[in-house]
Amino acid sequence: MERHETWSRPVREQAAELREQARRLRAGAAGVDLPDPDGAALRKQILTHAARAESAARSLERAADALADHEAVLAALARRESG
């Protein structure tokens, strides 16, 4: 039987990458040095992208949790079949 416990790992890695992207976006927004209102508009746009990245990361984490639950069920079934 193939190893199912690795299905959730790449999903968690993608979530971590999105969280890092959000962190970099927030840092970039803090460094925007344009005069108002252009600077404020650009910062808001960057922060909106950061919030979307965080939201996507949370969704991926939930998906990874669900996959991990399925992986546990498949592992239990495999043990039951082999034992």
> Looking at residues at least two apart in the chain, or sitting in another chain, which of them share a side-chain hydrogen bond (donor to acceptor under 3.5 Å, both in side chains) with Arg52?
Replying inline: none

>> Going by the rule side-chain hydrogen bond (donor to acceptor under 3.5 Å, both in side chains), which residues pair with Ser55 if we only count those two or more places apart in sequence or in a different chain?
In response: none

>> Are there over 12 heavy-atom neighbours, none belonging to Asp36, within less than 6.0 Å of that residue's CG?
In response: yes

> Excluding sequence neighbours, so at least two apart, what forms salt bridge (Lys or Arg N to Asp or Glu O under 4.0 Å) with Glu61?
Replying inline: Arg12

>> If I take atom CD from residue Gln14 and atom CZ from residue Arg19, how far apart are they, to the nearest 0.5 angstrom?
In response: 12.0 Å

> Considering all heavy atoms of both residues, which atom of Ser8 and which atom of Ala68 are nearest to each other, and what is their separation?
Replying inline: CB-N, 4.1 Å

> If you take all heavy atoms of Leu74 and Trp7, which pair is closest and at what distance?
Replying inline: CD1-CZ3, 3.7 Å

Go through the structure and list residues passing side chain to side chain contact (heavy atoms under 4.5 Å, CB included) with [X], not counting sequence neighbours.
X	answer
Arg23	Glu20
Arg80	none
Val32	Leu34, Leu42, Arg43, Ile46
Ala50	Ala22, Leu25, Arg26

> Would Arg9 and Thr6 satisfy side chain to side chain contact (heavy atoms under 4.5 Å, CB included), going step by step from the backbone distance to the final call?
Replying inline: CA-CA 5 Å; Arg9 185 176 305 136; Thr6 60; 3.7 Å; yes

